[in-house]
Each structure stands twice: as C-alpha cells, then as structure tokens.
Amino acid sequence: MPRRAGIGSLLQPHLDSAASEPLFRQLYGELRQAILGGRLGPGTRMPASRAFAEELRVSRNTVLGAYDQLLSEGYLEMRPGSGTYVAADLPDLPPERGQASARPAQPKGESDAAPQHLARRAETLIDNENSRRFVRDVIETSPWAPCFTPGLPDSSDFPFAAWSRLLAKSWREPSAALVNAGDPGGYLPLREAVADYLRQVRGIDCQPADVLIVSGIRQAVDLTCRLLLDPGDPVWIERPGFPGLRAAIAAQGGKLIHVPVDEEGLDVGDGLRQAPKARLACVAPSHQYPLGVVMSLQRRLALLAWARAAQAWILEDDYDSEYRYTGRPLAALRSLDEDGRVIYMGSLSKLMFPSLRLGYLVTPPQLTKVFRQARAVIDDQPAMSTQPALAAFFQSGLLAAHVRRMRKRYAHRQQLLLAAAARHLPDLIRLKPDEAGLHLVGQTVGALKNAADTEIAARLYSAGLVVPPLSRYDIGDNRRQGLMFGYAAVPDGRIEPAVAEIARVLGKQERS
C-alpha cells in the first residue's frame, strides 16, 4: 500500500513500495518537483536523514540515496555543522506547473501551423538533391591512429558469442515483415526497450512512438537540422565541442553561434548576448565533450527558460551517461523539460562496439509524426539486420551486465593513467580525475606551458604515440590548449609504458 508522510506543512511525498521504480528514485523525484515548484524554497533546511526515514517508514539508505542524487545535481547543498539545505543560489523559478505529463502539451506560443510547416519541409526533402549531403568531421580524415584516442570504447571482450547467437536466432526464420518492410522509426521491440531503459536509468518519460533508431549521433543531428532549421537560422553550439556536430549543422545551412563552455557548462548568458533568437541549441549537459564538465542546475534551468521564451529547441547529446564512476548518473536535461522543447539523443555504439553504428533520437510528442515522415523520405527505414538482436540484448540483461563490467574497467584505467602521469609527467602535463567519461584532458605545465598543443601532438605522433590536441575541438584564434588522453581502449599493461615513453620523448625534446 502506498506510504504517505509529511515534511511539516510543505510536502507530502507519495512512495509506493510496489512500484517498479526504486523508492529512492521516487523520493528524489518528489523532492525535486517540490524544489522546482517553489514548495521547498532556497535555503530551506531538509530533515535529518534518520528522522525523515522514520517519518516516511523507509530505510535510511532510501533517504540518503535521494539526498545524494539531489546534492550531485545542485538542488541541495551541505553546510558543515548545520545540515542539508535547498541550494541558496537557485535561479528565480516559475510558479509550479504540476508534474510533467508523459505527453507534454503543445509548447506555449507554438501554433498548429508549426508541425505543418515541418511536414511541408519534410516533403521537400524528396526532390532535394543536396538533402543527402553530410559533411564528414575533419578529424575523421586525420592521420591519427588509435592509441590514446578519445571516445573509443574497449571491445576486446565484448560477449560476441552471445551476440552472434542472438543474431542467428533473429534471422533463422524471420517474419516477412522483418525481411520486406520496416517501420521508419525502427524495430518496435527495440524502441520499446530503449524507452523502458530511458525511463529507468535517465528519468525520461517517453513512449516507444517517440523513439527513432538512427545510425548514430550525427545522423540524429542531421535529421533534426533538416527539419527545424531554415538556411541562416542561428544555432548555439558549445565551444570547444565535437566537430562532427558543427559539420552536420553547417551542412544544413545553420549559422553557427559558438557559445563558450566554462566550469558550469554552456554559458547561457553569452548565448543570449550573441543570438537571443537562435532556433536551436546543441548541448551535452551531463558530460560535455571534450572538457568533461557538467552543466549546473542553474544553467540548465536558464537554458530551458530561454527555449520556452524564444520558442526554440534544445538538442541534448547524452553520449556517455552510462560511464559515471562516482555517485549515481545525473538526471538528463530532458527529464526537467515540461514544455516539450528538448530533443534527446544517445549512442549505442559506445556501449557495445563502434561499428554497430546505432543510436536513438527521442522527440517531443508534438514532433513525433513529422520526424517519422522525414525519416521515411530520407532513407525509408533504418537497417534492420541488427535491431532484433539488439532488442534481445537489452531485454536479456546482457547489455546492462556488459555496461557494469566496462564501467569498472574504465574507472580502473583512469586511475592507472592518473598514477602513471603523476609519476612520469608531473613537470610536463597535469591530469585531473573525472567522475565520468572515456578520456582526460591534460594541461601542459613547466617547459611545455607555452608550446602549442598541435606541436606537442606532432612530436609524439612522430614517435608513434597518438595523443590528440584539444585545440582541434575549438575554433578561432584563442583556442583551448591541452592534450586528449583517451584511456578506455588502452589495455591496463600498456598505460604505464606509453606514459613513460611520452615523458621520454617530451623530456628529450625539451633538453635538446
């Protein structure tokens, strides 16, 4: 039977032990909604975890889990010797609009003509010879060979035997529908598995109809830009950021507005100064690429407020949220969106192996139909050969087990890299730990402090060592400087020798 309890007169959370969602997630969601709705205002002191657990008749770990998640996302703050409080520096919040529904209403100010406009645009793609143009990222054509390549997962012991059995089973006696036709959105059981996964792991309330299976992040960006942008429309993109996104947006005529990223993520204020009426913002709020910063709660709410006021869209890139090594995964920006303004995309290739080339796009409900129509005219349907096996991979628990195994491995390799750098590179390159991701950014110090990162990377490359420069992800004259150490795919035993060789090459160069 559902439990009901109160926090003074401010809150009465409803927790149901019979629900599939863990109790700590239920409590986290209720408290977050109360904070966003203003019922728990900035500076409000939260109950002690033990007393609150007794009041709710749950374990103390349930309360601690909810508090820990809220602390990590910036809703709460610890005051030593005093207790836990609602964060004092929350931005001004709008009056509570109630719980976000599973199917958000039409965005405020968006007329019924908007989806029709998008549908007309989708129809024009059929006769547009240039619509299939997709500009490849310049880094993809660079000579860098795999070594400390960022973003590369370890596929050395992926369960290929189980994967091959699932492939064989799905195609041993395939149905006629599977062989001859397909849904523009993708294989329905896979879309159902993705929607269920996102509800449980990322807090995103979506339906299978809103999920589109795509061939990767860049196809998701390409499709979004085809539909939402007219030539010359301003688009906020992160600086530095992934060049493949810049290429996909530019290919569709978007005007790139390079918004700097600092320790709190995308600088929304700078974006407002540069292009307040931008049509789209592309962000990676949970773990920005390449800097690895997490967008603060204040910035997230400010970004959503801008999208609401400007009738703009946000494309959320959640490319590696599964690989978080301390605490629980942070909530997706989409889970905060009550106006249907966030389009969410994720990659399956980093979870399994790069050549899989599959990802997913989750549309706001009011755009679901037109995105499906556009997908149908662009390439009819996504390739079906691996989708049934992937759906079974999700449903069997094999994917979750693989991710858990890789999360431990990558966390260990990050520690090996940090230890090796501290031993061999303390006076040349400084690395800091990251709570998530597949790479670290090294800052040059000492004798290398004023050297261009491209020159350092070239020295290493001539010695057979691949450590890409950070400036390749930036633009303009004053590019961020640093070196990208992708550690995920480097075997444990090769990390120390490789770092020692980097130190030898760079130290030799500096002495000569």
Side-chain angles (χ1 to χ4, degrees), residues 21-22 24-26 28-33 35-36 65-66 68-75 99-104 191 193-208 210-212 214 217 220-221 224 238 242 245 264-266 268 280-289 292-308 313-325 327-348 350-351 359-365 367-368 400 403 407 435-437:
E21 185 178 35
F24 89 88
R25 290 290 305 183
Q26 295 180 44
Y28 153 79
E30 294 260 354
L31 293 176
R32 188 183 73 168
Q33 187 65 30
I35 292 169
L36 292 173
D68 180 61
Q69 187 74 33
L70 292 164
L71 283 163
S72 67
E73 294 179 8
Y75 294 96
Q99 296 284 350
S101 63
R103 310 289 294 185
R191 290 187 286 119
V194 169
D196 186 57
Y197 168 79
L198 293 177
R199 279 193 295 269
Q200 293 183 29
V201 177
R202 304 300 292 129
I204 295 175
D205 198 352
C206 62
Q207 304 301 315
D210 303 327
V211 177
L212 276 76
V214 293
I217 292 294
V221 177
T224 300
E238 296 170 321
F242 180 48
L245 300 188
E264 291 190 66
L266 184 84
V268 178
L280 179 69
C282 296
V283 296
S286 295
H287 191 244
Q288 197 271 343
Y289 191 89
V293 299
V294 176
M295 183 180 285
S296 67
L297 174 63
Q298 291 75 22
R299 293 272 178 90
R300 293 179 186 225
L301 294 175
L303 184 63
L304 291 169
W306 162 76
R308 184 186 313 118
W313 305 97
I314 300 170
L315 185 59
E316 179 179 9
D317 182 2
D318 203 20
Y319 66 97
D320 71 351
S321 61
E322 292 81 6
Y323 298 126
R324 189 164 190 86
Y325 310 125
R328 296 181 176 88
L330 302 179
L333 180 67
R334 170 68 184 259
S335 70
L336 284 171
D337 177 28
E338 295 187 356
D339 297 283
R341 286 290 170 185
V342 178
I343 302 161
Y344 178 91
M345 58 183 181
S347 172
L348 295 170
K350 280 187 172 56
L351 298 185
Y360 50 85
L361 181 72
V362 183
T363 63
L367 296 183
T368 293
V403 170
R407 188 184 295 125
E435 295 180 344

Exercise for the section: Check step by step if side chain to side chain contact (heavy atoms under 4.5 Å, CB included) holds for W313 and T224. Expected result: CA-CA 10 Å; W313 305 97; T224 300; over 6 Å; no
Completion exercise
G265 and R299 have their tightest heavy-atom pair at O-NH1, 3.0 Å
Exercise for the section: Look up atom CZ in R191 and atom SG in C206, then write down how far apart they are to the nearest 0.5 Å. Expected result: 11.0 Å
Handout entry: Non-hydrogen atoms of E316 and L333 that approach each other most closely
Key = OE2-N, 2.8 Å
Practice task
Verify whether one side chain among E73 and Y28 offers a donor that lies under 3.5 Å from an acceptor in the other.
Solution key: yes
Completion exercise
Closest heavy-atom pair, L336 versus Y75, reported as atoms and distance to 0.1 Å, is CD2-OH, 3.0 Å
Exercise for the section: Specify whether Y319 and H287 have parallel, tilted or perpendicular ring planes, treating 30° as the upper limit for parallel and 60° as the lower limit for perpendicular. Expected result: tilted
Exercise for the section: Flag the pair Q200 / R25 as yes when at least one side-chain heavy-atom distance between them is below 4.5 Å, and no otherwise. Expected result: no
Problem - side chain to side chain contact (heavy atoms under 4.5 Å, CB included) between R32 and L70, intermediate numbers included - result: CA-CA 7 Å; R32 188 183 73 168; L70 292 164; 4.0 Å; yes
Handout entry: Side-chain touch M345/V362, heavy atoms, less than 4.5 angstrom
Key = no
Problem - Member of D317, L361, L315 meeting the side chain to side chain contact (heavy atoms under 4.5 Å, CB included) criterion with I217 - result: D317
Exercise for the section: Can you measure from CZ (F24) to CD (Q26) and round to the nearest 0.5 angstrom? Expected result: 10.5 Å
Problem - Over all atoms of both residues, closest heavy-atom pair of C282 and L280 - result: SG-CD2, 4.0 Å
Problem - From CD (E30) to CD1 (I35), nearest 0.5 Å - result: 12.0 Å
Handout entry: Electrostatic pair R324:E435 at N-O distance under 4.0 angstrom
Key = yes
Exercise for the section: Evaluate the criterion side chain to side chain contact (heavy atoms under 4.5 Å, CB included) for residue pair Q288 and F242; output intermediate values, then yes/no. Expected result: CA-CA 9 Å; Q288 197 271 343; F242 180 48; over 6 Å; no
Exercise for the section: To the nearest 0.5 angstrom, please state how far the CE atom of M295 sits from the CD atom of E238. Expected result: 6.0 Å
Handout entry: Electrostatic pair R202-D318, nearest N-O below 4.0 angstrom
Key = yes
Exercise for the section: Dump the intermediate steps for side-chain hydrogen bond (donor to acceptor under 3.5 Å, both in side chains) on D210 and T363, then the final yes or no. Expected result: CA-CA 5 Å; D210 303 327; T363 63; 4.5 Å; no
Problem - side chain to side chain contact (heavy atoms under 4.5 Å, CB included) assessment of L212 paired with Y360 - result: CA-CA 6 Å; L212 276 76; Y360 50 85; over 6 Å; no
Handout entry: Electrostatic pair D339-R308, nearest N-O below 4.0 angstrom
Key = yes
Fill in the blank from the handout: Closest non-hydrogen atoms of S335 and I204, given as atom of the first, atom of the second and distance, are N-CG1, 4.5 Å
Practice task
Drop me the distance from Q298's CD to E264's CD, to the nearest 0.5 angstrom.
Solution key: 6.5 Å
Practice task
Report the distance from atom CG of D320 to atom OG of S286, rounding to the nearest 0.5 Å.
Solution key: 8.5 Å
Practice task
Search all heavy atoms of A307 against all heavy atoms of I314 and return the closest pair with its distance.
Solution key: CB-CD1, 3.8 Å
Practice task
Kindly indicate whether the side chain of V283, heavy atoms from C-beta on, has any atom under 4.5 Å from the side chain of R300.
Solution key: no
